[in-house]
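When a residue number appears, it is its place in the shown sequence, counting from 1.
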Amino acid sequence: MHSTRPRVPAAPAPASALGTATERVEGRDKVTGAARYAGEHARTPPDCAYAWPVPATVARGRVTDIDTSAALALPGTLAVLTPGTAPRLGEADDPTLAVLQDDAVPHRGWYVALAVAETLPDARAAARAVRVTYATEPHDVTLTERHPDAYRPDLANGGQPALRERGDLDAAFAAAPVRVDVTYRIPPLHNHPMEPHAAFARWDGEGDGAHLTVYDSSQGADPVRKTLAALFRLPEDRVTVVSEHVGGGFGSKGTPRPHVVLAAMAARHTGRPVKLALPRGHLAAVVGHRAPTIQRVRLAAERDGTLLGVGHEVTTHTSRVKEFVEQAGVPARMMYASPHGLTDHHVVPLDVPTPSWMRAPGEAPGMYALESAMDELAEALGIDPVELRVRNEPATEPDSGLPFSSRNLVACLREGARRFGWADPRPAARREGRWLTGTGVAAATYPVLVSPSTATATALHDGGYDIRVNATDIGTGARTVLAQIAADALGVTVGSVRIGIGSTRLPRAPLAGGSSGTASWGWAVHQACTQLAEKLARHTGPLPAEGVTASADTTEEAGRTPPFARHAFGAHFAEVQVDTGTGEVRVRRLLGVYAAGRILNPRTARSQFIGGMVMGLGMALTEHSTADPAFGGFAERDLASYHVPSNADVPEVDAHWVDEDDPHLNPMGSKGIGEIGIVGTPAAIGNAVHHATGVRFRELPLTPDRVLPALR
């Protein structure tokens, strides 16, 4: 087994750009408004039109008639696209993008028409004037534990087998001296990035020479180009997609969404450039959500806390349009040592919008259940929750048997306990007037993912360096870290590096997702800059007019299957107060300590860790959605009813890390950090609420209407 020794973060060597808290290179542009997002388009053409979609108002059925006469009679209306008039699309790998192609209504909110007009108010008015008649069909939007339509898929998300078994869990569980058998429930959750999903589309040329240009709010311009080329039957080199600045996504912009297809359709139909920005109230139905889960966790243990078996069985929902299976049981396959294990997934197709990626898919809901169950086991055993996790630290990854490239979970738990001032007195022991106080802990993990990428690096006459890679910065600071990677490889200052990202005119690169962006793009940038440095070392005389360029393609290196299990780890600690008069839960302190390889920029890394923890706080206390059984769709469709944490909800939040020297990752030695912050936070808060009250809650969120009756 390869081991690494954790250490407190040390000051980087002065000669290295990596490891320094460099400010965002695009920060000034963002605060001055110079940074343009997809819906803002710096040079909006004078003939630009605006589009507004018409969502279905029934839960399931078919469109029998669309009356557009009133809409077309309104001032400014240019067209109303319907399944009968919209351009015909080519085959789509993703059926959620087959918009306005037939009269089927698979769920409430599915788009059935699109109004196009001279101005945005005109487009909204035209959309409201469209009259749609439906033939409705019986619908079902309610996930239940033993739904008759549930089935086991072959694979869950990420290509993970739905079922994995080691040993005989049932026998081990029956014979174990200490057992926990509990079920946890998490409702549907929604991504809600600050910037809505928006696109600007323009067609140039005719026939075989037609070229489509799109500005899209997306986590990856290359996947959008590939999809649009297929849908509109174009070679990829006749599609340009720009996603230069993106105001958050959390997974909802990780794949192309209907808005960009509709904008391109409207532009083709009208012959004019078209802008389309989705209203927030539409997002719950058309850009994905975290599917609800019902999770049964079984833990079998010796009286000293040694785990004998771990079982994690998940039931979730998907739509009838496309299968999407939240892989919530996967983390239990590698988290703790045990000779017996069973992880299983079942999915129920319902008349709901298609679920999709949301920050730490699988890990966030799955680790909530597993880490809550570990806390219940610790209580049953009378063992400190930190110590219980330490006692079950595996020597190798339980599921695969592979050695870990590095695993410093115990170091995170120990360092976190020290920093937090961890103690574990009996539950419901601390009271100040109406307020009960408690503390909780949970572990976190996220896999190390990497994809092939390309990049170029050019030395310029002015002494600067031009780095080009079609990466996407969704607010994480990707531009800055890539500039640091380039500067480090070239041995120059960050200020001399210019980064070009966010366009299919640049070298092809994967999307921003799975906490894999920096590892994937950075590997190619490092390789290109290393090759450029070697070229310059051999070069004599002045630079040619075009400069000196080196390019890199990491398909071979990044595509290799490593002989190690590669994961980031962390430990979360929370202190909460519970109001016995109202049932309100307030988080007083949150601490996260992480082992995520080499931290390339402490400033942006801490921001990512804290951002994930705040999102986890929302998952624990405020965020939830409800599938309306009578009318279909989600009842909470805006920020007035879907409650994300506000400033008043966010307490003292702190993030630290132990550095890891892991040579089995990438040239930078980094692991992804964008998602692990959310993973353990809900369980740590839930465990703290139990510690404060003595009551175990097994359904999120912990809102007053759920907490107060249990206290009474």
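Using the six-membered ring where Trp is involved, Tyr368 and Tyr184 have ring planes that are perpendicular, over 60° apart on the 30 and 60° scheme.
In this structure the side chain of Thr183 never reaches within 4.5 angstrom of the side chain of Arg698, judged on heavy atoms. Taking 4.5 Å as the limit, every side-chain heavy atom of Val178 sits out of range of all side-chain heavy atoms of Glu302. His317 places a side-chain heavy atom less than 4.5 Å from the side chain of Pro292. Inter-residue side-chain proximity for Leu189 and Met358 is flagged as met; some heavy-atom pair is nearer than 4.5 Å.
The line from NE2 of His289 to CD of Glu326 is 9.5 Å long, rounded to the nearest 0.5 Å. The distance from the CD1 atom of Ile685 to the CE atom of Met613 is 8.5 Å, given to the nearest 0.5 Å. Interatomic distance, OG1 of Thr439 versus NE2 of His690, reported as 11.5 Å (0.5 Å rounding). Rounding to the nearest 0.5 Å places OG of Ser670 at 12.0 Å from CG of Asn601.
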Test side-chain contact (heavy atoms from CB on, under 4.5 Å) on Leu18 and Ile485 and set out the steps.
CA-CA 6 Å; Leu18 288 180; Ile485 292 170; 3.8 Å; yes
Applying side-chain contact (heavy atoms from CB on, under 4.5 Å) to Glu376 and Val182, what does each step give before you reach the verdict?
CA-CA 9 Å; Glu376 297 205 42; Val182 285; 3.6 Å; yes
Apply salt bridge (Lys or Arg N to Asp or Glu O under 4.0 Å) to Glu575 and Arg588, showing your working.
CA-CA 5 Å; Glu575 182 179 69; Arg588 295 179 62 180; 3.7 Å; yes
Stepwise, does the side-chain contact (heavy atoms from CB on, under 4.5 Å) test hold for Thr518 with Leu600?
CA-CA 10 Å; Thr518 297; Leu600 305 181; 3.7 Å; yes
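With hydrogens and angles left out, the side-chain atoms of Gln608 and Thr476 include no donor and acceptor closer than 3.5 Å. Thr343 and His312 share no side-chain donor-acceptor pair at under 3.5 Å.
Residues Phe564 and Phe404 place their aromatic rings such that the two centres sit no closer than 6.0 Å. Centroid-to-centroid, the aromatic rings of Trp357 and Phe250 stay 6.0 Å apart or farther.
Figure legend: cation-pi geometry between Arg179 and Phe173, with NZ or CZ positioned under 6.0 Å from the six-membered ring centre and within 45° of its axis. Cation-pi geometry between Arg706 and Phe697 is not met: the NZ or CZ atom fails to fall both under 6.0 Å from the ring centre and inside 45° of the normal. Figure legend: cation-pi geometry between Arg589 and Phe573 absent, as NZ or CZ is not positioned both under 6.0 Å from the six-membered ring centre and within 45° of its axis.
Formation of a donor-acceptor pair under 3.5 Å by the Gln295 side chain with backbone atoms of Pro365 is found in this model. Counting only distance, with no hydrogens or angles, the side chain of Arg166 and the backbone of Ser338 share a donor-acceptor pair below 3.5 Å.
Of the charged side-chain nitrogens involved, none lies within less than 4.0 Å of a carboxylate oxygen, so that Arg389 and Glu387 do not count as a salt-bridged pair. Salt bridge status for Asp304 with Arg391: absent, with no side-chain N to carboxylate O gap under 4.0 Å. Contact check on Arg407 versus Glu393 returns a salt bridge, with a Lys/Arg side-chain nitrogen under 4.0 Å from an Asp/Glu carboxylate oxygen. For Asp473 and Arg479, the salt-bridge test passes: some basic side-chain N is under 4.0 Å from an acidic carboxylate O. Between Asp659 and Arg598, none of the side-chain N atoms (NZ, or NE/NH1/NH2) sits under 4.0 Å from a carboxylate O, so this pair counts as no salt bridge. In this structure, Asp375 pairs ionically with Arg696, as a charged nitrogen and a carboxylate oxygen lie closer than 4.0 Å.
With Tyr594 as reference, His572 is the one residue of Lys671, His572, His656 to meet the side chain to side chain donor-acceptor pair (under 3.5 Å) rule. Considering Leu621, Val614, Val587 as possible partners of Pro645, the one that fulfils the side chain to side chain contact (heavy atoms under 4.5 Å, CB included) test is Val614. A side chain to side chain contact (heavy atoms under 4.5 Å, CB included) with Val441 holds for exactly one of Leu591, Asn687, Leu413; it is Leu413.
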